[in-house]
Protein chains: 2
Amino acid sequence: MKRSEISKNVVRRLPRYLRKLDELIKLNVERVSSNELGAQMGLTPSQIRQDFSNFGEFGQQGYGYNIKALRSEIASILGMDKGFSVILVGVGNIGHTLIDNFNFARFGFRLLGAFDIRKDLVGSPIQGCPAPIMGVETQEEFISRHNVDIAILSVPREKAQAATDRLVKAGIKAIWNFTDTTINVGDSDIKVEDIYFSDSLLALSYLLLGDND
Amino acid sequence: MKRSEISKNVVRRLPRYLRKLDELIKLNVERVSSNELGAQMGLTPSQIRQDFSNFGEFGQQGYGYNIKALRSEIASILGMDKGFSVILVGVGNIGHTLIDNFNFARFGFRLLGAFDIRKDLVGSPIQGCPAPIMGVETQEEFISRHNVDIAILSVPREKAQAATDRLVKAGIKAIWNFTDTTINVGDSDIKVEDIYFSDSLLALSYLLLGDND
DNA sequence: TAGATTGTTAATCGATTAACAATC
DNA sequence: TAGATTGTTAATCGATTAACAATC
C-alpha cells in the first residue's frame, strides 16, 4: 500500500508500537503474538495484524513477531534510519527544554544547529549539537547548505508567522510547531506538526467532568 | 447525549473549535456559519453541525452561530468554568517551562503549587502561583486538603512510576503526564493524558517520507 | 505432525457526509 | 416575505473486528 494512502489513525499508532516494542526489548522478550501485544496495548489482535500488513509481512505463522526485527521495520517505516536533520529556531524556554531533554539521536534525528535573534545568545554552545547558537541572519544560508529537513519552531507566539515565512522561503521541508499558534505555510507542501499543550489539557479536563455536568 | 458516549474524535476537535473561535473573536467577527467555519478549519459543515448538536442547539437558522456564545458553550463543555486545580510535580526543566509559558488561568485552571524532592528548590517562589515550591513530603496532605484535581507529572523518567503511585494514593483525579514513559494507575479511574514528544516528531517524520521510500 | 498464529478476505460497526424539513 | 442556515435523519464511506485458509 502506498504510504500516503495509510490512514492517519494507523500512522499515529506506529510510534506507540515502537515504544511498546522498545519496552519489551528492555525486558529481554524475544517474540510476541498479535494477541499478546494487543492485550498489552489495549488493541485487538486483528487491528495489529491489519496495521502491520499495510507495510509488509513481518510475522511468521505459528510463531508471532520477532520483536527486534519488528521494531526495526517500524523504525524504518517511520524514517528513523534516514538521519533527518533538525534545527531549532528560537532558543527560549521551550527550545532549551527540548535540547536538554529530547534525545534526537535515539530516534535517528541529527540536531545540526540552533538560531535566535538575541545577539547575546549567539555563540553559546548547545548540548549535543555540533554548532553553537547562530544568529537568524545566517539561518537561510544554513538551511539550504545543509539541506535541513525539519525546523523546530519555538519562537514567541507573536513571531511565529514571520519565522515561518522565513523557513518556507529557505526551503525547509517540515516544521514542528511549538508556538501554540496556527502557522500558515501557504500552498507549499511543507509538513507541519503542531504541539498544542492546551488541546491536551482541555481533553483531560473534558474527561474529568462526569456525565452529570 | 451523555458526555461519556461522545467519541474521542469529537472530544479532540473541541479544543480546536475553541482556538478557532478565540481567533475569530480577536478579529472582531461576530457570527459564523458552519459553512464558513468548515472552510476555515478544513472540516465539512455537516461535521461541525453534528459535533455541536451532540451537546445542544447553539445556532440559529438563517443566521449561523454567535461566536462569543458558541465559544462560551464550548468552554463550558470542556470544563473551563470549573476552575480545576492543578499542581506541578517535579520542578525540572519541563516543569519550569510550563510554569513560565502555559497560561493556566486563561483556560480556567488554578495552579495551586509545585513540589520537588530537591531540598534546595523548596521555598523558591513560582510565577503565578500562590505558594512557593514545596517538598514532596507535604504533597499528599496538600492534595487531600485542597482537593487537587490535576497533577502535572514532570519528574525524571526513572521516577515516574513512584511519583504516580504517590499521586494515586493521595487521591488525585487526573494526571497530565510529561515523563515520556507509560505510567500505570492500576484499577483506579484516574484520567491520564500523555504528552509524547517523540510520537509527534515521528509522525512528522513519517509524512516527510514520500511514497517512494 | 499438531498447534499456534499469521495475513487477508468478509462482516460489522461507527463516523462522516449528504439531504432536507423546520425555522429564524 | 424570501433567503439562509440550522438540527437531524438517512446514506455513504472508512475503519475496526471477526473469521478462516495458509503455513510455520
Side-chain angles (χ1 to χ4, degrees), chain A residues 1-17 20-21 24 29-74 76-77 203 206, chain B residues 1-17 20-21 24 29-74 76-77 203 206:
Chain A
M1 201 174 191
K2 275 205 278 181
R3 294 176 59 91
S4 60
E5 289 166 5
I6 303 292
S7 87
K8 211 184 120 174
N9 286 356
V10 174
V11 175
R12 296 282 158 182
R13 278 195 293 271
L14 292 175
R16 288 187 55 203
Y17 289 127
K20 174 50 86 173
L21 293 171
L24 292 173
V29 187
E30 233 176 50
R31 68 188 191 90
V32 72
S33 65
S34 56
N35 218 290
E36 177 59 23
L37 195 57
Q40 290 196 30
M41 296 184 65
L43 305 172
T44 63
S46 282
Q47 181 163 59
I48 288 174
R49 295 203 297 277
Q50 288 277 24
D51 282 355
F52 295 164
S53 77
N54 283 309
F55 301 99
E57 311 194 352
F58 305 142
Q60 205 166 47
Q61 283 98 329
Y63 174 83
Y65 300 89
N66 175 285
I67 292 176
K68 277 188 182 162
L70 180 59
R71 196 271 180 196
S72 144
E73 291 286 357
I74 290 176
S76 161
I77 292 164
Y206 177 93
Chain B
M1 201 174 190
K2 276 204 279 180
R3 295 175 59 90
S4 60
E5 289 166 4
I6 304 291
S7 87
K8 212 184 120 172
N9 286 355
V10 174
V11 175
R12 296 282 158 181
R13 279 195 293 271
L14 292 174
R16 289 187 54 203
Y17 289 126
K20 171 52 85 175
L21 293 171
L24 292 173
V29 187
E30 233 176 51
R31 68 186 191 91
V32 72
S33 65
S34 56
N35 218 290
E36 177 60 22
L37 195 57
Q40 291 195 30
M41 296 184 66
L43 305 173
T44 63
S46 282
Q47 181 163 59
I48 289 174
R49 295 203 297 278
Q50 287 277 24
D51 282 355
F52 295 165
S53 76
N54 283 309
F55 302 99
E57 312 194 351
F58 305 142
Q60 203 163 47
Q61 283 99 329
Y63 173 85
Y65 300 88
N66 176 284
I67 292 176
K68 277 188 182 163
L70 180 59
R71 196 271 181 196
S72 142
E73 292 285 359
I74 290 177
S76 160
I77 292 163
Y206 177 94

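FYI, side chains are in, hydrogens and waters are out, and symmetry mates aren't considered; it's all heavy atoms of this structure. Numbers restart at 1 for each chain; the letters A, B, ... are given by sequence-line order, proteins then strands.
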Quickly work out the [X] [atom1] to [N] [atom2] distance and round it to whole Å.
| X | N | atom1 | atom2 | result |
| --- | --- | --- | --- | --- |
| B:Asn54 | C:dT16 | CG | C1' | 12 Å |
| A:Ile48 | C:dT8 | CD1 | P | 16 Å |
| A:Met1 | C:dT8 | CE | P | 12 Å |
| B:Lys8 | C:dT16 | NZ | C1' | 18 Å |

Notebook entry, point to check: Does C:dT16 have OP1 or OP2 sitting under 4.0 Å from an N or O in the side chain of B:Thr44?
Noted result: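 The answer is no; no side-chain N or O of B:Thr44 sits under 4.0 Å from OP1 or OP2.
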Produce the list of close N/O pairs, under 3.5 Å, pairing protein atoms with atoms of nucleotides 5-7 of chain D; give distances to one decimal.
unit_1 : atom_1 : unit_2  : atom_2 : d
D:dT5  : O4'    : B:Gly62 : N      : 2.9
D:dT5  : O2     : B:Gly62 : N      : 3.4
D:dT6  : OP1    : B:Ser34 : N      : 2.7
D:dT6  : OP2    : B:Ser34 : OG     : 2.6
D:dG7  : OP1    : B:Phe58 : N      : 3.0
D:dG7  : OP1    : B:Gly59 : N      : 2.8
D:dG7  : OP2    : B:Tyr65 : OH     : 2.7
D:dG7  : O3'    : B:Glu57 : OE2    : 3.3
D:dG7  : N7     : B:Arg49 : NE     : 2.8
D:dG7  : O6     : B:Arg49 : NE     : 3.3
D:dG7  : O6     : B:Arg49 : NH2    : 2.8

Next item on the list: Just do the side chain to side chain contact (heavy atoms under 4.5 Å, CB included) check on B:Tyr206 and A:Ile6 with the steps written out, would you?
Entry: CA-CA 11 Å; B:Tyr206 177 94; A:Ile6 303 292; 3.3 Å; yes
Note to self: Can you give me the closest heavy-atom contact between B:Ile77 and B:Leu14, atom names plus distance?
What the structure shows: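 Looking at all heavy atoms of both residues, the shortest contact is CG2-CD1, 3.9 Å.
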Item checked: Pairing residues for B:Ser46 by the side chain to side chain contact (heavy atoms under 4.5 Å, CB included) criterion, not counting sequence neighbours ->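 B:Ser46: side chain to side chain contact (heavy atoms under 4.5 Å, CB included) contacts with B:Thr44, B:Arg49.
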Check: Does A:Gln40 reach the side chain of A:Leu24, with side-chain heavy atoms less than 4.5 Å apart?
Finding: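 The answer is yes, as the side chains (C-beta and beyond) meet within the 4.5 Å cut-off.
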Check: Roughly how far apart are B:Ile48 CD1 and B:Lys20 NZ, rounded to 0.5 Å?
Finding: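 It is 10.0 Å, given to the nearest 0.5 Å.
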Check: If you round to the nearest 0.5 Å, how far is OG of A:Ser72 from CD1 of A:Ile67?
Finding: 13.5 Å
Check: Listed by chain and number, what are the side-chain hydrogen bond (donor to acceptor under 3.5 Å, both in side chains) partners of A:Glu30, not counting sequence neighbours?
Finding: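 A:Glu30 satisfies side-chain hydrogen bond (donor to acceptor under 3.5 Å, both in side chains) with no other residue.
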Margin query: Please enumerate all residues that pass ring pair (Phe, Tyr, Trp, His ring centres under 6.0 Å) together with A:Tyr17, with sequence neighbours excluded.
Written below: A:Phe52
Item checked: Contact list for residues 57-70 of chain B, test side-chain hydrogen bond (donor to acceptor under 3.5 Å, both in side chains), sequence neighbours left out -> none
Item checked: Pairs involving residues 4-16 of chain A, ordered by first then second residue, that meet side-chain hydrogen bond (donor to acceptor under 3.5 Å, both in side chains) (sequence neighbours left out) -> A:Ser4-B:Asp211, A:Arg12-A:Glu193, A:Arg13-A:Asp51
Margin query: Let me check I have this right: for DNA chain C, each base becomes ., (, ), [, ] or |, based on Watson-Crick or G-U pairs with both distances under 3.5 Å. What is the full string?
Written below: ..||||||||||||||||||||||
Check: Checking all strands, does A:Ser46 fall into the base, sugar-phosphate, or nothing category for heavy-atom contacts under 4.0 angstrom?
Finding: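 Contact class for A:Ser46: base.
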Check: Can you give one letter per nucleotide of nucleotides 9-14 of chain C, 5' to 3': B if a protein heavy atom sits under 4.0 Å from the base, S if only from the sugar-phosphate, - if neither?
Finding: BB----
